**Q** 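My questions will all concern the structure given below.
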Amino acid sequence: MNSELLQALDMLEKEKEISKDILFAAIEDSLKAACREHLGRNENVVAEVDRETGDFHCYYEKEVVETEDDVEDDSLQIAEEEARKIAAGVVAGDTIRLEVDSAEFGRIAAGKAKNVILQKIREEEKSSIYNLYRDKVGQVVTGIVQRQVGNIISINLGKADAQLAEKEIVPEENLRLTERVKVYILGVPETKKGFKILVSRTHANLVKRLFEEEVTEIRDGTVEIVSIAREPGSRTKMAVRSNEPDVDPVGACVGQGGARVDAVVAELRNEKIDIVEWDENPGNFIQNALSPAKIVAVFADPEEKTAKVVVPDYQLSLAIGKAGQNARLAAKLTGYKIDIKSETQAKDAPGFRYEDYLDDEYDDGEYDEDYEDDYESEEYAGEEYETDEYGEEYEMPAEEEVTEENFEETPVEDSPEEAYVE
């Protein structure tokens, strides 16, 4: 039994993740190549390796013909009389095998056999690595910064090197040699020279996968990430929803004491992350997306995918954000084109006033008992609002009913046509 051969194959199968059957086939091919080299002729060569014992044999086959005169190619044919000296009982038309002693192979034949085996192992190793990382496309893996060639950083993933292109590097992120980083696998395209593994540090799904690693509720489907808007290196907004009524999706992502979100922020080098709750009502969702700004009113048009937003005068810069970032990310997160104005600006801007959405009976200044209910409905703003302001001069705390005790402090006799909702 050739135990050394079997042990070597077991080791190769484990280290290179190459099937032992493929390795046996490679050995058989190498024996065929060596045998042909040894014989110096184009023989019908057969090589066999016993999968259980590791023993191998090499033969060349010849067709048996009746007489010497019938032999057209002595490398492929043998006369019946000559064949019976090797194997008794053969007749014309049979095929006989003549074994070749592999110990007689010369240096050149042995070298050829070795090259065939090594080439097959390299091909199968590349194929195994390709299949491994092709199945990981869309996932996050950890690698080590190895070197930089031009604008491309090479990330060692363990079994292969990945390419981190300049456009996939977070602006102002300084990756140091030997540093461990997590990257998102974009794809594994094949090329003439093999294949490339393309990775990214800027893709929005990198944030999604990092939260999946940190948040158990996301992995088991209790909490779902609906959408993500990201400006790499600066800020990310993420909308989440819960599939269980008793689970707070935002709290689950933040974690106790902010532990979960802090772990993601640390991996992203202190990139700010806003986690907001998704809402099927577009007005509510847009209001959440513009957090931390306070919103007075949202008028959303689901068909046109546009929204007009009114904010307090002192909140306008916060709602828009530095260089428009907050509004821009909110628009990407919700899929709506958002136009934001302050209360002062909204007074003279069509589409930003409640009266723009009222029926004619209210435009005439008439007020009936159903006005207050209609005034708070989805019909006008695309979402439900709490009405807690009935005029510019009078304020009433949200959800506080008018009673005899506070009625004098919160008169509502003025026409509410110019009121804004806070």
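Since we're looking at a predicted model, the values are computed, not measured.
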**Q** I'd like a table of donor-acceptor pairs (distance under 3.5 Å, sequence neighbours excluded) in which one partner is a side-chain atom from residues 329-341, with atom names and distances.
**A**
from   : atom 1 : to     : atom 2 : distance (Å)
Thr334 : OG1    : Ala330 : O      : 2.9
Thr334 : OG1    : Tyr336 : N      : 3.3

**Q** Between side-chain atoms of residues 136-155 and protein atoms elsewhere (two or more places apart, or another chain), which donor-acceptor pairs fall under 3.5 Å?
**A**
from   : atom 1 : to     : atom 2 : distance (Å)
Gln148 : NE2    : Gly150 : O      : 3.2
Asn151 : ND2    : Glu166 : OE1    : 3.4

**Q** Would a distance-only check, ignoring hydrogens and angles, find a side-chain to backbone donor-acceptor pair under 3.5 Å from Lys126 to Ile121?
**A**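 Not a single qualifying donor-acceptor pair exists.
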**Q** Does a side-chain N-to-carboxylate-O contact under 4.0 Å join Glu224 and Arg241?
**A**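 Yes, Glu224 and Arg241 are salt-bridged.
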**Q** Could you tell me whether a side-chain N or O of Arg230 sits under 3.5 Å from a main-chain N or O of His203, the two making a donor and an acceptor?
**A**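 Yes: the side chain of Arg230 pairs with the backbone of His203.
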**Q** Can a salt bridge be assigned to the pair Arg201 and Glu173 using a cut-off of 4.0 Å between side-chain N and carboxylate O?
**A**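 Salt bridge between Arg201 and Glu173, a charged N being under 4.0 Å from a carboxylate O: yes.
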**Q** Name all residues meeting the salt bridge (Lys or Arg N to Asp or Glu O under 4.0 Å) criterion together with Arg51; count only those two or more places apart in sequence or in a different chain, and write none if there are none.
**A**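 Applying salt bridge (Lys or Arg N to Asp or Glu O under 4.0 Å) to Arg51 gives Glu28.
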**Q** Measure from the side-chain N and O atoms of Gln315 to the backbone N and O of Lys294, and report whether any donor-acceptor pair falls under 3.5 Å.
**A**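 Side chain of Gln315 to backbone of Lys294: a pair is present.
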**Q** Could you tell me whether Arg209 and Glu213 make a salt bridge, using a distance below 4.0 angstrom between a side-chain N and a carboxylate O?
**A**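 Here Arg209 does not pair with Glu213 in a salt bridge, since their nearest N and O are not under 4.0 Å apart.
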**Q** For Glu63, enumerate each residue passing the salt bridge (Lys or Arg N to Asp or Glu O under 4.0 Å) test, keeping only those at least two apart in sequence or located in another chain.
**A**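 For Glu63, no residue satisfies salt bridge (Lys or Arg N to Asp or Glu O under 4.0 Å) once neighbours in sequence are set aside.
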**Q** Does anything in residues 295-317 pair up under salt bridge (charged side-chain N to carboxylate O under 4.0 Å, His left out), and if so which pairs, sequence neighbours excluded?
**A**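 Checked against salt bridge (charged side-chain N to carboxylate O under 4.0 Å, His left out) - neighbours excluded - no pair reaches residues 295-317.
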**Q** Which one of Glu271, Lys208, Glu231 satisfies the side-chain hydrogen bond (donor to acceptor under 3.5 Å, both in side chains) criterion with Thr236?
**A**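 Only one of Glu271, Lys208, Glu231 forms a side-chain hydrogen bond (donor to acceptor under 3.5 Å, both in side chains) with Thr236, namely Glu271.
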**Q** Residues in salt bridge (Lys or Arg N to Asp or Glu O under 4.0 Å) with Glu217, at least two apart?
**A**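 Per chain and number, Glu217 pairs via salt bridge (Lys or Arg N to Asp or Glu O under 4.0 Å) with Arg260.
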